[in-house]
Amino acid sequence: MEAFLIIIASIFTANIALSNFLGMCPFIAISKDYHSAIGMGMAVTFVLTITATANWIIDYYVLVPLGVGYLRFVIFIIVIAAMVQIVEMFMERFSPTLYNALGIFLPLITVNCAILGVSLFMILREYTFIKAVAFGFGGGVGWSLAIIAMASIRNRLQFSNVPRQLQGAGITMIIAGMMALGFMGFAGMVPIQ
Amino acid sequence: MAETGIQVQAIPMVKPGLSLWHKVKKSRSYTDLVRGLWADNPTYRMVLGMCPTLAVTNTAVNSVAMGLATMSVTIFSSVAISIIRRIIPRRVRLAVFMIIIATLVTFVDLFFKAVLPDISEALGAYVGLIITNCIILGRAEAFASINKPWYSFLDALGVGLGFTASLTILGMVREFLGFGTIFYQEVAGAGWTDWAIMIMPPGAFLTLGVLYGIFNSISKPKE
């Protein structure tokens with residue numbers, strides 16, 4: 001039940017893109033095109049679930065018992081890079097269709113701050129294993145929801161008359177602000193964390 | 001050319017005579033340094049490093065702390081990568097960059113925890129997220145891995161200062177509208193109503209969007 005609450009909370013009330021600003025660079029850069037947004041969203045959800053699980057296990061069974069919590073940043077970034085590499089190889093071998101759809105997004109994900117951010121937040125909030133997995137998955141779904149919504153809005157925006165100064169990043173930021181305002185409306189739904 | 005903008009930014013740093021000033025302006029060190037301040041400003045021109053830009057700019061002090069932390073990591077990583085650029089194998093260079101950056105960010109995190117515990121508390125997980133700030137990796141890949149240490153240092157310093165300045169402007173605007181203060185100094189006076197939304201997530205997006213509009217209208221359009 002707690003895990004379910006965390007999934008709902010990380011999709012709506014504490015969306016990692018709109019309330020924690022994780023993964024903002026791809027959120028702005030890749031939301032121009034609807035299909036890329038879906039691909040990126042799926043890739044992020046997939047990698048996020050796997051890396052949150054892997055990082056939690058490594059943190060709980062290796063780093064904390066050895067008393068080397070300060071190595072977290074270095075270890076996490078290596079785990080993320082390795083996981084992305086492994087996922088890429090597995091996909092290429094076992095599911096070429098999925099690889100063709102997500103392949104180009106996977107290398108970008110290593111430096112996506114959403115991946116590292118979720119791992120750091122889950123340590124900071126002292127989640128249990130189930131909660132950490134739920135947070136990874138829910139965070140990914142929430143991020144996908146945000147970027148797909150943004151891509152759809154920007155798709156419509158092509159036909160509207162945006163002032164020259166605001167074209168590109170400016171109007172995207174303002175739309176994101178309005179989306180964040182909208183998502184604040186979910187706040188009463190689930191107590192945040 | 002955006003020459004006027006560059007001059008205004010650079011005058012406080014170097015104040016030589018006119019002929020020397022001309023020489024300085026033509027030198028490579030100077031161009032490497034000022035490029036990051038205006039022409040290639042990471043926040044307003046290249047739209048990089050968005051996550052800390054939006055997340056920690058609710059007060060001016062947090063913004064300055066984040067800017068300086070990012071700047072020091074950029075400088076040290078650029079110089080280190082530039083020194084060892086010839087012995088890094090091409091294929092694994094990104095992994096090497098990431099490990100160097102992660103190590104430096106660990107230092108910064110421990111420094112904040114030891115010396116400035118309040119700021120460490122306020123920045124939270126975002127100190128660790130300096131690792132994935134694309135400005136740092138971008139400088140390492142695009143500049144430090146193909147240039148000498150001295151130029152890499154200047155380039156990193158310029159970009160770092162540009163980033164710090166952008167964050168500080170955003171932080172000051174948000175803190176003023178949200179609390180009526182700047183750097184915790186009362187400026188708005190009595191009768192000021194706090195705009196609570198400005199210190200919450202939507203305020204970050206809206207303020208930055210409007211700032212983009214302002215910066216684009218005072219500088220010449222790209223291309």
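Lettering follows sequence order; numbering is per chain, from 1.
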Review point. Which bit of A:Ile77 comes within less than 4.5 Å of chain B, counting heavy atoms only: side chain, backbone, both or neither?
Key: side chain
**Study point:** Reference residue B:Phe163; test side chain to side chain contact (heavy atoms under 4.5 Å, CB included); the match among B:Leu68, B:Thr70, B:Asn41
**Key:** B:Thr70
Practice item. Using a cut-off of under 4.5 Å on heavy-atom pairs, state which of A:Cys113, A:Gly23, A:Ala114 scores highest against chain B. Key: A:Cys113
Check your understanding: Just wondering, do A:Val68 and A:Tyr70 contact through their side chains at under 4.5 Å, heavy atoms?
Key -> yes
Study note, to complete from the structure: Note: vs chain A, highest number of non-hydrogen pairs under 4.5 angstrom among B:Leu48, B:Val47, B:Leu208 is B:Leu208
Check your understanding: How about B:Asp32 and B:Asn147: do any of their side-chain heavy atoms sit closer than 4.5 Å?
Key -> no
Point to revise | When B:Pro201, B:Ala125, B:Gly203, B:Gly49 are compared by non-hydrogen pairs under 4.5 Å with chain A, the top option | key: B:Pro201
Point to revise | Under 4.5 Å from any heavy atom of chain B - which part of A:Met184 | key: side chain
**Study point:** Heavy-atom proximity to chain A below 4.5 Å, by part of B:Leu137
**Key:** side chain
Review point. What residue in A:Ala29, A:Gly117, A:Ala17, A:Gly170 has the most heavy-atom pairs under 4.5 Å with chain B?
Key: A:Gly170
**Study point:** pair A:Asp59-A:Arg72: side-chain heavy atoms closer than 4.5 Å
**Key:** yes
Exercise for review: Select one option (side chain, backbone, both, neither) describing which atoms of A:Ile78 are under 4.5 Å from chain B's heavy atoms.
Suggested key: side chain
Review point. In terms of heavy-atom pairs under 4.5 Å with chain B, which of A:Asn20, A:Ile28, A:Ile171 leads?
Key: A:Asn20
Review point. Would you call the rings of B:Trp195 and B:Trp192 parallel, tilted or perpendicular, where under 30° means parallel and over 60° means perpendicular?
Key: parallel
Review point. Between B:Tyr212 and B:Phe215, does the ring centre distance come in under 6.0 Å?
Key: no
**Study point:** Atom pair CD1/CE of B:Ile182 and B:Met172 - distance to nearest 0.5 Å
**Key:** 5.0 Å
Review point. Can you tell me if B:Ser63 and B:Thr168 form a side-chain donor-acceptor pair at under 3.5 Å?
Key: no
Exercise for review: Would you sort out whether A:Phe21 and B:Phe205 count as a ring pair (Phe, Tyr, Trp, His ring centres under 6.0 Å), showing the intermediate values?
Suggested key: CA-CA 10 Å; A:Phe21 310 106; B:Phe205 288 116; 5.2 Å; yes
Review point. Relative to chain B, which segment of A:Ala81 carries a heavy atom at a distance below 4.5 Å: side chain, backbone, both, or neither?
Key: neither
Exercise for review: Answer yes if the side chains of B:Glu175 and B:Thr59 hold a donor-acceptor pair under 3.5 Å, and no otherwise.
Suggested key: no
Practice item. Tell me, for A:Leu124 versus chain B, whether the close heavy atoms (under 4.5 Å) come from the side chain, the backbone, both or neither. Key: side chain
Point to revise | chain A contact residues among residues 78-102 of chain B, heavy-atom distance under 4.5 Å | key: B:Met98, B:Ile99, B:Ala102
Exercise for review: Among B:Asn133, B:Leu110, B:Thr53, B:Asp109, single out the residue with the greatest number of heavy-atom pairs under 4.5 Å to chain A.
Suggested key: B:Asp109
Review point. In a check of ring-ring contact (aromatic ring centres under 6.0 Å, His included) between A:Trp56 and each of A:Phe76, A:Phe121, A:Phe129, which one passes?
Key: A:Phe129
Practice item. Please flag which part of A:Ile175 lies under 4.5 Å from any non-hydrogen atom of chain B: side chain, backbone, both or neither. Key: neither
Review point. Relative to chain A, which segment of B:Ile131 carries a heavy atom at a distance below 4.5 Å: side chain, backbone, both, or neither?
Key: side chain
Practice item. Flag the one option from A:Ile115, A:Ile75, A:Val74, A:Leu71 with the top tally of heavy-atom pairs under 4.5 Å to chain B. Key: A:Val74
Exercise for review: Anything under 30° is parallel, anything over 60° is perpendicular, the rest tilted; go ahead and classify A:Tyr127 against A:Phe135.
Suggested key: perpendicular
Exercise for review: Would you tell me whether A:Arg154 and A:Ser31 have side-chain atoms, one donor and one acceptor, within less than 3.5 Å of each other?
Suggested key: yes
Revision key, fill the gap. The interface call for B:Tyr44 against chain A, heavy-atom contacts under 4.5 Å, is neither
Practice item. Go through B:Arg174 and B:Thr207 one step at a time and tell me if the side chain to side chain donor-acceptor pair (under 3.5 Å) criterion holds. Key: CA-CA 7 Å; B:Arg174 283 183 70 193; B:Thr207 316; 4.8 Å; no
